[in-house]
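Presented below is the structure to which this report refers.
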Amino acid sequence: MTSHPSPTTAPSDEPRSAPVASRVLVLNSGSSSVKYQLLDMRDGSRLAVGLVERIGEETSRLKHTPPAGGHPREQFGPVADHEAALKAVATELAADGLGLDSPELAAIGHRVVHGGMYFTEPTVIDDAVLAEIERLIPVAPLHNPANLTGIRTAMALRPDLPQVAVFDTAFHTTMPESAARYAIDVKTADEHRIRRYGFHGTSHAYVSRATARLLGRAPEDVNVIVLHLGNGASASAVRNGRCVDTSMGLTPLEGLVMGTRSGDMDPAVIFHLMRVGGMSTDEIDTLLNKQSGLIGLCGDNDMREIRRRIDEGDEQARLAFDIYIHRLKKYIGAYYAVLGRVDAIAFTAGVGENAAPVREAAIAGLEEMGLAVDGDLNAVRSDEPRLISPPDARVAVAVVPTDEELEIATQTYALVGKNHA
Ligand code: AMP
């Protein structure tokens with residue numbers, strides 16, 4: 001391994017009491033993709049952003065966007081596995097002078113979807129941590145194996161570097177048992193670790209804090225309902241900075257209507273589909289996770305397309321939108337009741353940040369709850385956190401862009417710094 005001296009690196013004879021390196025690489029490894037961002041933690045800026053997709057296929061693609069002003073570079077052709085993908089990423093980063101062997105790289109932060117009840121905080125990865133993430137595979141069969149592959153590959157490339165796991169579930173581990181437990185036989189639930197874990201936690205944590213900042217208050221003083229509305233969607237109730245309820249459950253299938261997932265449903269629908277519909281477990285899994293939600297209701301899961309069809313008078317798209325909004329309203333009401341006092345409702349992720357009609361419809365008619373949206377403010381397009389409620393509203397309604405990569409990098413860097421102190 002080569003290392004290059006750089007202006008921000010401490011001279012080698014100086015004791016290293018804090019990480020002088022300022023960069024964190026964030027890796028989000030899916031089953032056939034790796035997304036990455038390299039951040040400079042002095043100001044949170046992006047030094048590089050990219051992804052490798054369709055790993056294991058003939059038609060893999062790497063897209064790498066270099067530091068500000070640089071033109072994105074794309075490569076097409078087979079990338080056999082995650083190891084090949086990460087090596088290709090390392091080569092791209094090195095071409096911009098940002099190689100994985102740089103002494104300015106402080107750590108690698110990995111998104112890990114399922115941390116169960118065990119991981120309540122970001123954690124430096126060692127063999128015991130790897131074993132625990134592996135033990136959680138039965139409750140996250142799609143995500144944790146891919147996350148593990150990414151971690152193991154990155155550890156092989158930089159065995160000397162701190163690697164940190166940041167869990168999607170961690171923010172939700174503060175939920176009380178009354179919210180986290182399903183009302184099923186306790187012994188059966190415990191034996192199979194069945195409970196509400198919740199997901200998108202990194203986003204809910206980031207957005208709830210950013211909302212408090214927008215209000216000029218400390219997160220510990222604020223109660224927020226966060227509506228993370230992307231292709232996957234979840235709501236959370238956050239009291240004084242801690243999650244007290246969230247809509248996703250054992251898996252990300254529960255809760256809101258999503259792009260391709262049904263969200264809440266009578267569980268007996270599944271027995272009915274098996275007994276009367278003759279469907280297999282895998283077929284029902286696919287139906288509810290990939291062919292339901294907006295796409296199941298109207299054939300489209302992109303809110304832009306659904307809005308366009310509604311504008312053209314398409315009744316099926318209208319009904320899909322109405323079902324989506326009805327569910328959203330039910331969660332706003334439920335979490336209002338759970339929290340008792342609500343200071344703000346924050347919309348985030350692809351739909352929440354961009355779809356003004358969704359925000360307007362979700363809040364419409366809730367004036368008695370102190371909720372309202374100002375049409376002009378709601379129409380503003382911006383990447384900045386902003387209020388869309390009228391100035392005299394009792395409850396703030398906000399649009400707060402999420403930044404999961406920054407949150408992962410921040411948590412990773414803070415942990416590495418703490419361990420150095
Ligand atoms: P995410 O999972 O957070 O990346 O969100 C992706 C989803 O956001 C897409 O499937 C769209 O439904 C939605 N979306 C993105 N941009 C817009 C937009 N300009 N207007 C409405 N919806 C949008």
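Of the possible donor and acceptor atoms, none in the side chain of N301 sits under 3.5 Å from a partner among the backbone N and O of L294.
With salt bridges taken as basic N to acidic carboxylate O contacts below 4.0 Å, one links E74 and R61. Salt-bridge formation is detected for the pair E407/R209: a Lys NZ or Arg NE/NH1/NH2 atom is positioned less than 4.0 Å from an Asp or Glu carboxylate oxygen.
Taking the six-membered ring wherever Trp is involved, the centroid distance between the rings of H172 and Y197 does not fall below 6.0 Å.
Stacking of R195 on the aromatic ring of Y182 is not recorded, the 6.0 Å distance cut-off and the 45° axial limit not both being met.
Looking at R193 and L136, their side chains come closer than 4.5 Å, going by heavy atoms from C-beta outward. Side-chain atoms of S247 and Y335, non-hydrogen and from C-beta on, do get closer than 4.5 Å to each other.
The aromatic rings of Y36 and H64 lie parallel to each other, with less than 30° between the two planes, well short of the 60° mark. Between H200 and H228, the ring-plane angle classifies as parallel under the 30° and 60° cut-offs.
Checked by atom type, the side-chain pair Q411/E121 shows no donor-acceptor distance below 3.5 Å. Residues R381 and N354 have side chains that bring a donor and an acceptor to within less than 3.5 angstrom of each other. Of the N and O atoms on the side chains of T59 and R54, at least one donor lies less than 3.5 Å from an acceptor on the other residue.
Contact detail for T402 and E353: the closest heavy-atom pair is N-OE2, 2.9 Å. When all heavy atoms of D221 and N240 are compared, the closest pair comes out as C-OD1, 4.0 Å.
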